[in-house]
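Everything on this sheet refers to the single structure shown next.
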Amino acid sequence: MRALREAIDSGRLAPGTRLPPHRTLAADLGISRNTAADAYAELVEEGWLTARQGSGTRVARRAVPLDAASARAPVRPTRRRPAYDLMPSSPDAAAFPRAAWAASARRALTAAPNDAFGVGDPRGRIELRRALAEYLARARGVRTDPARIVVCAGFAHAVRLLCAVPSVREGPMAVEAYGLAFHRELVAETGIRTVPLTIDTHGARIDELPGTGAKAVLLTPAHQFPTGGPLHPERRAAVVDWARAAGAVVLEDDYDGEFRYDREPVGALQGLDPEHVVHLGSVSKSLSPALRLGWMVLPGRLVDDVLAAKGAREMWSGVVEQLTFADFLTSGAYDRQLRRMRRIYRQRRDRLVATLADRAPHVRVSGIAAGLHAVLELPPDTLRGARRQGLALAGLTPYRHPDTTMPARDGLVLGYGTPTEHAFTAGLDALCLALPDPREDPDHRDPARRGSPPLLRRSGVPEVPAARR
């Protein structure tokens with residue numbers, strides 16, 4: 001109710017705006033229908049909203065408090081929040097499988113031995129490590145056993161632990177020229193310098209590694225973030241050969257390895273050489289970043305060093321969450337959730353592609369064969385226009401390593417995993433309003449001046465038939 005009042009008072013929700021039905025709002029927020037209905041009813045009584053049979057609930061034309069005291073009270077300046085979150089950061093929080101997770105928690109707590117509630121093992125609960133070893137072998141082609149798996153509190157925690165390993169600290173760490181600045185900052189905070197590897201249509205240029213002096217390289221081989229696309233098979237083999245020859249280690253960030261739409265899944269790089277590749281995974285994209293659950297599949301020689309860095313006791317990941325996730329894996333609930341979300345995210349991806357093909361065919365799109373985001377190649381001022389439309393989007397420029405010699409690219413990194421269903425539809429409408437008019441940009445108007453055909457057609461995604469548009 002407070003958020004709705006602020007949105008109406010600030011003008012973000014204009015008079016006459018139709019709000020979603022209270023049932024839909026309740027499902028999106030994960031609250032009861034009665035709570036949402038009562039909130040709407042009270043805001044109607046206060047004069048913020050109107051409700052009429054057949055017309056739904058709308059923002060009132062005179063959207064001010066009814067009592068004089070409230071009307072005379074000074075209005076505090078409020079910080080306007082984006083209306084549509086299209087940041088490439090997290091999955092749809094409303095889709096978290098609450099009932100299935102609760103069922104796994106009940107079974108896990110009932111079956112847990114008494115020692116599970118004592119001092120935590122820094123390696124992680126054996127139940128979870130066994131379940132992960134089976135699942136990763138089956139789903140990602142990872143070759144390991146529970147003794148080589150260390151549970152952690154997510155990818156960032158894993159990187160911090162690995163940066164404390166002496167053999168990793170012997171030289172700089174190579175990273176992709178376009179990637180999360182947050183990851184580069186994590187490495188820099190530990191005193192390790194990062195050196196960029198050029199990115200092209202086949203992924204990172206592995207041939208540049210020997211000249212870096214690096215003893216570790218951080219890659220997103222299944223789906224390069226943020227530009228999209230897997231690491232080419234020849235380069236996958238080449239990076240393993242480099243690691244063997246240099247006595248180095250490859251850190252494989254498998255951040256969205258489960259979400260593939262238009263091609264067969266790309267197996268984990270770790271399967272090529274378990275002794276030189278660390279496989280890093282988490283549930284931050286597949287379930288929720290709030291769970292703080294991740295894992296490292298380590299070469300045998302690094303296990304003791306990582307455990308020494310982590311400490312004698314588990315202080316990061318809770319035992320209840322570990323036991324619950326172990327049951328969630330072994331019961332098949334995780335596979336079912338992934339299948340469900342893969343279908344939902346693919347539908348959203350298809351709607352994004354179809355909308356742009358229909359309303360903005362001049363826009364180049366890439367990185368859409370997998371994952372939860374797309375890259376729209378657009379002029380730099382587009383981001384400012386998108387924010388004026390109430391959109392939260394990421395520009396491509398901040399992902400660029402400051403030391404790379406690659407030319408800067410202008411564009412938007414658009415996430416389609418975060419918003420709820422009704423918010424995604426409205427967000428696409430707002431996005432189309434923010435896109436530049438091709439009549440004002442000759443490079444967009446004349447395909448011959450673009451230098452290459454739209455990446456939409458090179459991505460492996462078939463064009464959407466006119467009937468479906």
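These values consider heavy atoms only, across backbone and side chains, with no hydrogens, waters or symmetry-generated copies. Along the sequence shown, residues are numbered consecutively beginning with 1.
Annotation: ring-ring contact (aromatic ring centres under 6.0 Å, His included) contacts of Phe328 (sequence neighbours excluded): Trp101. Contacts of His22 classified as ring-ring contact (aromatic ring centres under 6.0 Å, His included), with partners at least two apart in sequence or in another chain: none.
For Asp92 and Arg348, the salt-bridge test passes: some basic side-chain N is under 4.0 Å from an acidic carboxylate O. Ion pair Arg235/Asp200 flagged as a salt bridge, since at least one NZ, NE, NH1 or NH2 atom sits closer than 4.0 Å to an Asp/Glu carboxylate oxygen. Salt bridge absent: Arg23 and Asp28 never bring a charged side-chain N and a carboxylate O closer than 4.0 Å.
Classification of the Phe325-Trp295 ring pair by plane angle, with boundaries at 30° and 60°, yields parallel. Using bins of under 30°, 30° to 60° and over 60° for the plane-to-plane angle, the ring pair Phe225/Tyr255 lands in the perpendicular bin. Classified by interplanar angle (parallel below 30°, tilted 30° to 60°, perpendicular above 60°), the ring pair His223/His373 is tilted.
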Take Ser286 and Gln337, measure what side-chain hydrogen bond (donor to acceptor under 3.5 Å, both in side chains) needs, and give me the verdict at the end.
CA-CA 8 Å; Ser286 56; Gln337 174 70 2; over 6 Å; no

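Other residues, nucleotides and ligands contribute only 12 or fewer heavy atoms inside 6.0 Å of the CZ atom of Arg313.
Here the closest heavy-atom approach between residue Leu231 and residue Arg236 is recorded as O-CD, 3.4 Å.
Of the residues Arg148, Arg143, Glu252, Arg140, the one that meets the side-chain hydrogen bond (donor to acceptor under 3.5 Å, both in side chains) test with His279 is Glu252.
Taking the six-membered ring where the residue is Trp, the centroids of Tyr135 and Tyr334 are separated by under 6.0 Å.
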